[in-house]
Amino acid sequence: MSVTSGPIVRLDGVEKSFGAVRALASVSLDLMPGECFGLVGHNGAGKSTLMNVLSGNLMPDSGQILIGGEDVTAGYTPQTAMRHGVRCVYQELSLCPNLTVAENARISHPAVSGIGWRRAARALIGGKLDEVFPGHGISTDDVVGDLSIASRQMVEISRAFAVTDVAARVVILDEPTSSLDAVAAEKLLKHVRRYVSEGGTVVLISHLLGEILDTSDRIAVMRDGGIVALDEASGFNRNSLVAAMGSVAEGAAQEAAEQAVIRATAPVVVSAKPAAPESLTLAAHKGEVVGLAGLAGQGQTELLVKVFDHAAGTKVSGAVSLVAGDRQTDGVFPLWSIAENISIGSLRQFLDGFLLNHARAHAFAEEWRRQIGIRTPDVAEPILSLSGGNQQKALFARALGAPAEIIVMDDPMRGVDVGTKQEVYGMIREQASRGRTFLWYTTEMDELRNCDHVYVFREGAIVADLAHSEMTEERVLHASFRADA
Ligand SMILES: Nc1ncnc2c1ncn2[C@@H]1O[C@H](COP(=O)(O)OP(=O)(O)OP(=O)(O)O)[C@@H](O)[C@H]1O
């Protein structure tokens with residue numbers, strides 16, 4: 001670590017409340033040049049709020065923000081933050097979907113202007129994409145709305161690191177790898193290390209404790225709006241981080257029971273094959289948890305959508321509910337309350353004749369809030385008042401609460417904290433044991449261990465079919481890459 005001078009950023013006694021919710025309770029923090037600062041905490045601990053204060057998007061109720069020793073608190077806005085070289089990559093991506101990659105780059109870099117701006121914007125963002133994510137496969141003329149969520153995340157990250165008139169001195173990455181597969185995530189984390197070795201500062205927020213421990217120089221743990229632990233990364237391990245977060249201990253990975261019996265006896269409830277002619281066929285038996293693996297964007301989501309739609313060529317016996325991976329565009333109804341967002345999947349249960357019984361719908365949502373631990377004072381609050389991870393829990397509650405025999409899940413744990421993940425894994429296994437069937441696409445290798453059977457996708461085809469007992473990280477990775485690559 002090349003910490004050479006005083007802090008580049010100092011937050012002193014920062015407080016922020018939303019109505020009755022105290023999101024930040026007097027947080028003080030120094031960020032040094034040349035360090036990667038890891039920030040962890042349970043869903044709703046206050047991490048994004050703290051970073052929104054630092055990036056000028058939220059005015060603190062009290063406290064000070066100092067950059068390079070200068071008190072910038074009064075009238076601190078996103079523009080002031082940008083002028084001081086503070087950049088933020090948000091959890092809910094902020095690109096304009098109807099503009100191209102290059103046009104989006106220009107929006108946050110107004111210095112790219114005048115005749116020839118388009119060429120300059122292409123070079124700026126294309127060059128940074130090549131540097132951070134070599135082999136990304138994105139054209140700077142692609143319309144952002146046509147890109148996968150993983151590609152959008154790569155564009156957003158590269159845009160934050162791109163430099164025009166003001167150097168990027170502090171880059172905040174809020175769950176930057178949540179939609180990236182393991183290969184792209186590794187490229188990003190390597191870039192982070194390179195960038196901090198050259199004197200830059202990164203704040204890395206993640207629920208993946210392995211990447212926090214491997215990439216950070218120092219780590220702070222937040223809990224209920226405050227920093228409860230702060231130390232050199234070498235002073236923590238997985239267990240001490242989990243304990244400081246106040247989460248349930250992870251224990252051994254939730255191993256799926258050997259389910260050979262299910263394969264031998266239970267009926268097939270989903271049979272689906274990707275369009276690629278050489279592909280294997282996916283079969284899911286009643287009561288099975290079936291994993292969809294491989295690098296991001298290899299056709300997993302498309303197959304889930306086919307099953308959800310009961311598309312021609314797929315055999316699906318039973319009602320299907322979906323946990324969308326891209327909650328911003330496909331999952332959350334942003335103008336609705338938490339209760340409405342949860343109960344929409346089960347509306348028929350709440351009809352009295354043609355009228356909706358709101359009290360019953362509310363009680364149902366309230367029961368799910370309790371079961372899945374959604375942190376809110378009231379399910380009547382707007383869904384957007386929840387932290388990202390808690391919004392994702394609401395989508396889970398919608399799918400699990402719906403009267404469907406088959407649940408398809410498109411990388412559903414994005415942004416969910418370690419403690420809740422363990423509880424949700426338990427819920428999935430318990431519901432599977434009662435006969436529900438799960439199709440589960442995940443970019444996290446550890447989650448595949450919860451599956452009875454795993455199909456590996458590559459270039460739009462299923463290329464490997466692994467029983468739980470055959471599933472190892474090496475086998476999945478081996479199948480994920482072409483033999484001749
Ligand atoms: N705009 C808002 N209106 C009302 N409450 C809010 C708003 N934004 C955040 N909160 C509340 O502030 C608290 C902290 O939320 P924050 O998003 O900072 O958590 P987080 O640590 O980033 O969580 P996650 O890991 O789920 O992203 C939560 O209780 C959340 O519900």
Side-chain angles (χ1 to χ4, degrees), residues 11 14-27 29 37-61 63 78 88-94 153 172-179 203-209 211-212 219-230 241-242 244-247 327-328 331-332 334-339 341-342 365 369 372-397 412-424 444:
L11 299 176
V14 169
E15 308 216 346
K16 181 75 194 173
S17 293
F18 299 98
V21 175
R22 196 168 188 215
L24 294 176
S26 193
V27 174
L29 185 68
F37 188 88
L39 192 55
V40 298
H42 61 71
N43 291 134
K47 306 177 295 294
S48 301
T49 305
L50 188 62
M51 292 305 117
N52 274 321
V53 167
L54 177 53
S55 58
N57 286 291
L58 278 177
M59 255 323 228
D61 299 335
C88 190
V89 175
Y90 300 98
Q91 221 178 88
E92 309 301 343
L93 302 181
S94 66
Q153 198 159 30
I172 302 162
L173 300 173
D174 194 350
E175 294 182 38
T177 63
S178 60
S179 301
V203 180
L204 177 64
I205 303 178
S206 179
H207 292 294
L208 301 177
L209 302 182
E211 71 185 25
I212 286 279
I219 300 175
V221 182
M222 288 191 77
R223 185 161 152 186
D224 299 333
I227 291 182
V228 291
L230 172 57
L241 282 180
V242 171
M245 285 164 65
S247 294
R327 63 172 167 263
Q328 209 177 350
V332 153
L335 300 180
W336 290 7
S337 69
I338 302 161
N341 265 282
I342 292 176
R369 180 193 69 75
I372 211 162
I374 299 172
R375 283 177 185 250
T376 177
D378 190 344
V379 289
E381 293 286 322
I383 186 86
L384 294 186
S385 71
L386 293 179
S387 73
N390 279 296
Q391 289 179 30
Q392 196 64 25
K393 288 190 220 172
L395 296 189
F396 242 108
M413 301 289 186
R414 275 185 358 102
V416 175
D417 67 42
V418 284
T420 308
K421 272 183 187 170
Q422 297 307 312
E423 285 167 23
V424 175
E444 284 182 45

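Atoms within each ligand, like the ligands themselves, are counted from 1 in listed order.
Looking at residues two or more places apart in sequence or on another chain, you find no salt bridge (Lys or Arg N to Asp or Glu O under 4.0 Å) involving Glu211. Evaluation of the salt bridge (Lys or Arg N to Asp or Glu O under 4.0 Å) rule for Glu15 yields Arg22 as partners, not counting sequence neighbours. By the salt bridge (Lys or Arg N to Asp or Glu O under 4.0 Å) test, Arg223 pairs with no residue at all, sequence neighbours left out.
In terms of modelled atom types and a separation under 3.5 Å, the side chain of Asn390 and the main chain of Arg375 share a donor-acceptor contact. Under a 3.5 Å cut-off, the side chain of Asp61 and the backbone N or O of Ser17 do form a donor-acceptor pair.
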What are the polar N/O contacts of ligand 1 with the protein below 3.5 Å, with distances?
| from | atom 1 | to | atom 2 | distance (Å) |
| --- | --- | --- | --- | --- |
| ligand 1 | 5 (N) | Ser385 | O | 3.2 |
| ligand 1 | 10 (N) | Ser385 | O | 3.3 |
| ligand 1 | 18 (O) | Ser48 | N | 3.4 |
| ligand 1 | 18 (O) | Thr49 | N | 2.9 |
| ligand 1 | 18 (O) | Thr49 | OG1 | 2.5 |
| ligand 1 | 19 (O) | Gly46 | N | 3.4 |
| ligand 1 | 21 (O) | Ala45 | N | 3.1 |
| ligand 1 | 21 (O) | Gly46 | N | 2.9 |
| ligand 1 | 21 (O) | Lys47 | N | 2.9 |
| ligand 1 | 21 (O) | Lys47 | NZ | 2.8 |
| ligand 1 | 22 (O) | Ser48 | N | 2.9 |
| ligand 1 | 22 (O) | Ser48 | OG | 2.7 |
| ligand 1 | 23 (O) | Gly44 | N | 2.8 |
| ligand 1 | 23 (O) | Ser387 | OG | 3.4 |
| ligand 1 | 25 (O) | Asn43 | ND2 | 3.1 |
| ligand 1 | 25 (O) | Lys47 | NZ | 2.8 |
| ligand 1 | 25 (O) | His207 | NE2 | 3.0 |
| ligand 1 | 26 (O) | Asn43 | ND2 | 2.9 |
| ligand 1 | 26 (O) | Ser387 | OG | 2.7 |
| ligand 1 | 26 (O) | Gly389 | N | 2.8 |
| ligand 1 | 27 (O) | Gln91 | NE2 | 3.0 |
| ligand 1 | 31 (O) | Ser385 | O | 2.7 |

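Salt-bridge annotation for Glu381 and Arg369: absent, with no side-chain N of the basic residue lying under 4.0 Å from a carboxylate O of the acidic one.
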